[in-house]
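See structure below.
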Protein chains: 2
Amino acid sequence: MNKKKISIAVIKRLPRYYRYLYDLLKLGITRISSKELSERMNITASQIRQDLNCFGGFGQQGYGYNVESLFNEISNILGVNETFHTIIVGAGHMGQALANYGNFEKRGFKVVGIFDVNPAVVGTAINGIEVLHIDKLDEFIKQNKVDIGILTVPYDQTPAVADRLARLGVKGLWNFSPMDLELEHDVVIENVHLSDSLMVLGYKLNEMRNRNKSKN
Amino acid sequence: MNKKKISIAVIKRLPRYYRYLYDLLKLGITRISSKELSERMNITASQIRQDLNCFGGFGQQGYGYNVESLFNEISNILGVNETFHTIIVGAGHMGQALANYGNFEKRGFKVVGIFDVNPAVVGTAINGIEVLHIDKLDEFIKQNKVDIGILTVPYDQTPAVADRLARLGVKGLWNFSPMDLELEHDVVIENVHLSDSLMVLGYKLNEMRNRNKSKN
DNA sequence: TAGATTGTTAATCGATTAACAATC
DNA sequence: TAGATTGTTAATCGATTAACAATC
C-alpha cells in the first residue's frame with residue numbers, strides 16, 4: 001500500500017506550494033501550468049511536476065493544474081483541514097508570542113492549553129486561554145486530546161519537559177530551544193533554531209561583504 | 001583568492017557544530033576526533049571532516065581536533081565575535097519576544113533599535129530599548145550603524161518595509177512573515193517561516209500515524 | 001616506533017533537471 | 001485536429017559516504 005518514501009526535501013517544499021497556491025486563489029487565477037508556477041516560485045517546472053507526482057497526478061495534459069483543486073490537495077496532504085490540538089509549555093515571551101499568533105489556527109493548529117511555573121503568569125489569560133501551572137500537565141493531557149507540544153521553556157528544562165510530554169503520549173514536539181532534541185519514544189520533532197538561522201544570516205552577510213570587497 | 005563556493009548545506013550545519021563544540025568546551029573536554037563528534041551529532045565522521053576542510057585544516061592526524069581552537073575557528077567563520085547591529089521593525093508579540101531573547105546578543109547580535117507605528121507601544125521600552133515611531137527609521141539608520149533588519153511587521157506591510165530598509169542600506173534581513181522575500185538590491189535574506197515548520201510537523205505527525213496504523 | 005586520525009580523492013547515493021511520449 | 005502541458009523516464013548534478021595515503 002505504501003508507495004516509495006517521500007524525501008524530506010519534497011515535504012519541506014509543500015508549505016511553500018500551499019502559500020503560492022493560496023495567493024493565486026486569492027488573485028482569482030483558476031488554472032496554472034508548472035511553467036508559470038515555476039516562474040513565480042523561482043524553481044524549475046520539472047521540480048514542481050516531480051514534487052506533485054509524489055502524491056498523485058493532479059494535473060491535466062495540455063491544461064496544467066486547476067488552482068483550487070491543487071490547493072485543496074496540498075491542504076489535505078499537509079493536514080491543514082484537520083485540527084491539531086497544541087499546548088504551549090513555557091509562557092515566556094516566545095510562548096506568549098506564539099499563543100497570540102493567529103496564523104497557526106488558520107492552518108489547523110489550535111492552542112488548547114498553556115503551562116508555566118511562574119506564579120506571575122499562572123492564572124492569567126493569554127489570547128483567551130488561561131495559563132495553568134505545569135503541575136496540571138499530566139491531568140490536562142489525560143483529559144484532553146493533545147497532538148503537539150510547543151516547547152518554549154528555558155534551555156536546561158527542555159529535555160525533561162520533552163520527555164515528560166512524550167511519556168504522556170504527545171506525539172509531536174515543536175522545539176524552540178537551541179538544542180537537537182532526540183527522544184527514544186515514537187515522537188516526531190521539529191526544531192526551530194532561531195539563533196542558528198540568525199548565525200547563518202551573519203555568515204551570509206560577511207560573505208557578501210568579502211565578495212564585494214574583493215571585487216575592487 | 002576565493003576558494004570554491006561553500007554550499008548552503010555546509011553553512012547551515014555550522015551553527016550546529018558551534019553548539020556542540022560549545023557544549024564540549026563547557027564539559028571540559030579538550031580534544032575530540034571526528035568519530036567521537038559524529039556519534040554525538042548523529043552524522044558521519046566523513047561529513048564532519050569534509051565540512052571542516054571547506055574552511056581549513058583544523059585537525060591533526062592521530063590526535064583529532066582541539067575543542068577550544070576548533071570552537072574559536074567556527075566562531076570566527078560565523079562572525080560570532082563581531083557585533084552585528086540589528087533593529088526590530090514591528091514591536092508586536094513576536095518583535096517583543098525577539099527583543100527580550102538574550103541568546104542573540106551572546107552570539108553577537110545586538111538590538112539597537114525597535115520601531116512600530118502603534119501609539120500604544122511607541123515610547124515604551126522593551127528590554128531597555130525605547131520603541132521609536134517608524135517615521136524615525138530613516139533618520140535612525142543614517143545616524144547609526146545597522147547591519148540587520150528584523151522584520152516582524154504584519155504580512156501585507158512586509159515587502160514595503162523590506163524595500164525601505166534595503167534602500168536605506170541595511171544589508172541583512174531576517175524575515176518572519178510567511179512569504180519569500182525577494183529584493184533587487186544587494187541584500188541577504190533569511191526567512192523564518194514558523195507556520196511552514198509547523199505544517200511540516202503536522203505532515204510528519206500524520207505520516208507517522210498512518211505508518212503505525214498500517215503496521216497492524 | 002606503532003597507532004590513531006586527519007585531509008583528500010574516489011565511489012556512491014540521492015536530488016534536481018532535461019527530455020519526450022502520452023494525452024487532454 | 002493541433003497545441004499545450006502533463007507524467008515519467010533518463011541524464012546530470014551535487015552532496016554524502018567510503019577509502020586510504022599522509023602524518024602526527
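In what follows, chains carry the letters A, B, and so on, assigned in the order in which the sequence lines appear, proteins first and then strands, with residues in each chain numbered from 1.
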Annotated protein contacts, base or backbone, on nucleotides 19-24 of chain D with a non-hydrogen cut-off under 4.0 Å, one of B, S, - each: BB-BBB
Test side chain to side chain donor-acceptor pair (under 3.5 Å) applied to A:S197 - qualifying residues, sequence neighbours left out: B:W174, B:E190
Set of side chain to side chain donor-acceptor pair (under 3.5 Å) partners for A:K171, sequence neighbours left out: none
Any salt bridge linking [X] with [Y]? Criterion: basic side-chain nitrogen under 4.0 Å from a carboxylate oxygen.
X	Y	result
A:K5	B:E207	yes
A:D163	A:R167	yes
B:D138	B:R164	yes
A:D147	B:R209	yes

Near-strand residues of residues 65-77 of chain A, defined as heavy-atom separation under 4.0 angstrom from DNA chain D: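 Correct list: A:Y65.
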All stems with DNA chain D, defined as three or more consecutive Watson-Crick or G-U pairs under 3.5 Å: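 Stems for DNA chain D, defined as runs of 3 or more consecutive pairs: C:3-24 with D:3-24.
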Nearest listed nucleotide, side chain of A:Q50, among D:dT17, C:dA15, D:dA10: D:dA10
Nearest-Å distance, [atom1] ([X]) to [atom2] ([N])?
X	N	atom1	atom2	result
B:F55	C:dG7	CZ	P	14 Å
A:L52	D:dT6	CG	P	9 Å
B:I48	D:dT17	CD1	P	11 Å
A:M41	C:dT16	CE	P	13 Å
A:Q47	D:dT12	CD	P	19 Å
A:I8	D:dA15	CD1	P	18 Å
A:K12	C:dT16	NZ	C1'	17 Å
B:D51	D:dG14	CG	P	17 Å

Min side-chain heavy-atom separation B:H93-A:H93 under 4.5 Å: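 B:H93 does not reach A:H93 side chain to side chain.
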Residue pair A:K204 / B:I8, side-chain heavy-atom distance below 4.5 Å: yes
Go through the structure and list residues passing salt bridge (charged side-chain N to carboxylate O under 4.0 Å, His left out) with [X], not counting sequence neighbours.
X	answer
A:R40	none
A:R107	none
B:E39	B:K35

Check ring-ring contact (aromatic ring centres under 6.0 Å, His included) between [X] and all other residues, then give those that pass, not counting sequence neighbours.
X	value
A:Y20	none
A:Y17	none
B:Y203	none

Short side-chain N/O contact from B:T44 to OP1 or OP2 of D:dT17, under 4.0 Å: yes
5′-ward residue of the pair B:G57/A:A9 relative to DNA chain C: B:G57
Near-strand residues of residues 18-37 of chain B, defined as heavy-atom separation under 4.0 angstrom from DNA chain C: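 Residues of residues 18-37 of chain B that come under 4.0 Å of DNA chain C are, in numerical order, B:R31, B:S33, B:S34.
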